[in-house]
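For reference, the structure discussed in these notes is given below.
The first residue of the sequence shown is numbered 1, and numbering continues consecutively from there. Just so it is clear, the structure is predicted and the values come from calculations on it, not from any experiment. FYI, side chains are in, hydrogens and waters are out, and symmetry mates aren't considered; it's all heavy atoms of this structure.
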Amino acid sequence: MSSKNELFELFYDSKKKSTKWEKYFPIYEELLSKYKDKEITFIEIGVLNGGSLEIWKKYFGKKARIIGIDKNPKCKQFENENYEIFIGSQSDPIFWRNFYKNIGKVDIILDDGGHTNYQQITTLVESINFIKDGGIHIVEDVHTSYFKRYGNPNKYSFINFSKKSIDDINCTFPKPGNFNYSLNKSVYSIEYYESIVVFKINRNLCNVNKLITNKGIDSEIQDLASIYDYLNFQNKYPSL
């Protein structure tokens, strides 16, 4: 790992124990650097020893409000002037409703909690309406969607839920269809990394797409690409 990665250096310099996968650090830098030194509210689910909350405060700066969430009441002891800690279960919708009623809207959520399908999905569903436009919801350690001890493989795994959300986003385009429940009123983009899924929030970009045409000359050339490519594909790959 490059010594130029600020978060990596903060991680190793922290006096409190913290554990992270090495490949996450450049991903953090890519996703989070633009929020530094801004008035943001950052939520991390999973406090443990409190080490990562200390790191995030140093990384984002004095203007950032840092909040940790954990179900273990003992984690409350790590609360100080730099960050707040709330005790509750991320799989409990009532906890989330009371939590957001208390703190209001947030900018970034980092889910490094229990890693079960139900916990990850509940956290996302209950939080999505409380993330500001321009904010993000990051789910770590999604490799658990493939682990037997987390009840997987399962058609209701978090990874499968996120794949369904890809369909949701594409259904903002006219005509493909609608779902009974969808994130596509808030999520305009989903990014995948090894073991991480990122949901990007901007409601202004979730409107139905519109076809626009400029005032250039129309030479009335027939577009053959779609039907030609489809027939060609079918001939080459009939088994698909």
Side-chain angles (χ1 to χ4, degrees), residues 1-33 35-38 40-92 95-96 98-100 102-103 106-124 126-127 131 135-145 147 149-150 158 193-198:
M1 178 64 62
S2 171
S3 60
K4 294 181 180 179
N5 189 301
E6 181 183 356
L7 267 170
F8 191 72
E9 292 177 354
L10 289 172
F11 170 80
Y12 263 105
D13 290 342
S14 177
K15 295 179 180 179
K16 294 181 179 180
K17 185 176 181 179
S18 183
T19 302
K20 291 287 185 182
W21 294 102
E22 186 178 38
K23 286 185 180 180
Y24 288 2
F25 289 95
I27 299 172
Y28 290 149
E29 287 282 359
E30 178 183 335
L31 294 171
L32 302 175
S33 60
Y35 298 98
K36 291 173 63 177
D37 301 315
K38 295 184 178 179
I40 62 163
T41 299
F42 172 89
I43 311 294
E44 182 172 38
I45 301 152
V47 172
L48 203 58
N49 297 299
S52 58
L53 292 178
E54 178 184 87
I55 293 166
W56 293 123
K57 183 60 179 180
K58 290 179 179 178
Y59 180 74
F60 287 116
K62 294 180 180 179
K63 296 179 182 179
R65 182 183 186 185
I66 307 297
I67 300 174
I69 295 173
D70 204 289
K71 68 187 299 184
N72 189 338
K74 291 183 178 180
C75 290
K76 188 71 173 176
Q77 66 182 294
F78 301 118
E79 187 174 68
N80 58 38
E81 68 277 5
N82 290 320
Y83 42 82
E84 306 158 66
I85 294 176
F86 287 75
I87 303 301
S89 172
Q90 71 176 117
S91 60
D92 180 6
F95 164 76
W96 285 115
N98 291 332
F99 175 76
Y100 288 116
N102 187 352
I103 68 158
V106 306
D107 298 277
I108 305 166
I109 297 175
L110 179 62
D111 185 352
D112 187 21
H115 307 321
T116 67
N117 301 323
Y118 189 62
Q119 289 170 318
Q120 291 172 335
I121 293 171
T122 299
T123 299
L124 176 61
E126 294 297 330
S127 299
I131 303 175
I136 53 176
H137 184 106
I138 305 169
V139 187
E140 286 189 0
D141 299 343
V142 295
H143 48 255
T144 56
S145 282
F147 287 3
R149 68 190 181 99
Y150 287 90
F158 178 79
Y193 303 82
E194 180 187 334
S195 298
I196 289 178
V197 180
V198 182

(message) As an exercise, state the distance from CD1 of I43 to CG of L110, rounded to the nearest 0.5 Å.
(response) 10.5 Å
(request) Using only heavy-atom distances, determine whether the side chains of E30 and Y193 contain a donor-acceptor pair under 3.5 Å. (result) yes
(request) Check whether any side-chain heavy atom of N117 sits under 4.5 Å from a side-chain heavy atom of Y150, and report yes or no. (result) no
(request) First locate atom CG of D141, then atom CH2 of W21, and finally report the distance between them rounded to the nearest 0.5 Å. (result) 7.5 Å
(message) My understanding is that only residues two or more places apart in sequence, or in another chain, count here; which of them pass ring-ring contact (aromatic ring centres under 6.0 Å, His included) with F60?
(response) F42, W56
(message) Could you report the tightest heavy-atom contact between G46 and S52, atom names first, then the distance?
(response) O-OG, 4.5 Å
(request) Of all the heavy-atom pairs spanning Q119 and T116, show the shortest one and how long it is. (result) OE1-OG1, 2.9 Å
(message) Within the 4.5 Å heavy-atom criterion, are L124 and H137 side-chain neighbours or not?
(response) yes
(request) For the pair I27 and I138, evaluate side chain to side chain contact (heavy atoms under 4.5 Å, CB included) and give the outcome as yes or no after the intermediate values. (result) CA-CA 11 Å; I27 299 172; I138 305 169; over 6 Å; no
(message) Between Q90 and G114 (side chain of the first, backbone of the second, donor and acceptor by atom type, cut-off under 3.5 Å), is there such a pair?
(response) yes
(request) Find out whether L53 and I85 are in side-chain contact, i.e. whether some heavy atom of one side chain is under 4.5 Å from a heavy atom of the other. (result) yes
(request) Answer yes or no: is there a side-chain heavy-atom contact under 4.5 Å between K20 and Y28? (result) yes
(message) To the closest 0.5 Å, what do you measure between OG (S195) and NZ (K23)?
(response) 8.0 Å
(message) Tell me whether K57 is salt-bridged to E54, with the criterion being a basic N under 4.0 Å from an acidic carboxylate O.
(response) no
(request) Side-chain contact test, heavy atoms from C-beta onward, threshold under 4.5 Å: evaluate it for F78 versus L48 and give yes or no. (result) no
(message) With a 3.5 Å distance limit and no angle check, can you tell me whether N72 reaches the backbone of K74 through a side-chain donor-acceptor pair?
(response) yes
(request) Look up atom CG in D70 and atom NZ in K76, then write down how far apart they are to the nearest 0.5 Å. (result) 11.5 Å
(message) If the threshold is 4.0 Å, N to carboxylate O, is there a salt bridge linking D92 and K71?
(response) no
(request) Can you see which heavy atom on Y100 is nearest to which on E126, and at what distance? (result) CE1-O, 3.8 Å
(request) Please identify each residue that fulfils ring-ring contact (aromatic ring centres under 6.0 Å, His included) with F147, with sequence neighbours left out. (result) H143
(message) Within the structure provided, determine whether Y118 and S91 are in side-chain contact (heavy-atom separation under 4.5 Å).
(response) yes
(message) If I compare all heavy atoms of S127 with all of I109, which pair ends up nearest, and what's the gap?
(response) CB-CD1, 3.4 Å
(request) Report yes if the side chains of Y59 and K36 come closer than 4.5 Å at any heavy-atom pair, otherwise no. (result) yes
(message) Checking E81 now: which residues fulfil salt bridge (Lys or Arg N to Asp or Glu O under 4.0 Å) with it, not counting sequence neighbours?
(response) none
(message) For the CZ atom of F86 and the CD1 atom of I103, what is their distance to the nearest 0.5 Å?
(response) 6.0 Å
(request) Could you tell me which non-hydrogen atom of N82 sits nearest to which non-hydrogen atom of I66, and how far apart they are? (result) O-CB, 4.0 Å
(request) Check the pair Q120 / T144 against side chain to side chain contact (heavy atoms under 4.5 Å, CB included), numbers first and verdict last. (result) CA-CA 11 Å; Q120 291 172 335; T144 56; 4.0 Å; yes
(message) Once rounded to the nearest 0.5 Å, what's the spacing between atom CD of E79 and atom CD of E84?
(response) 6.5 Å
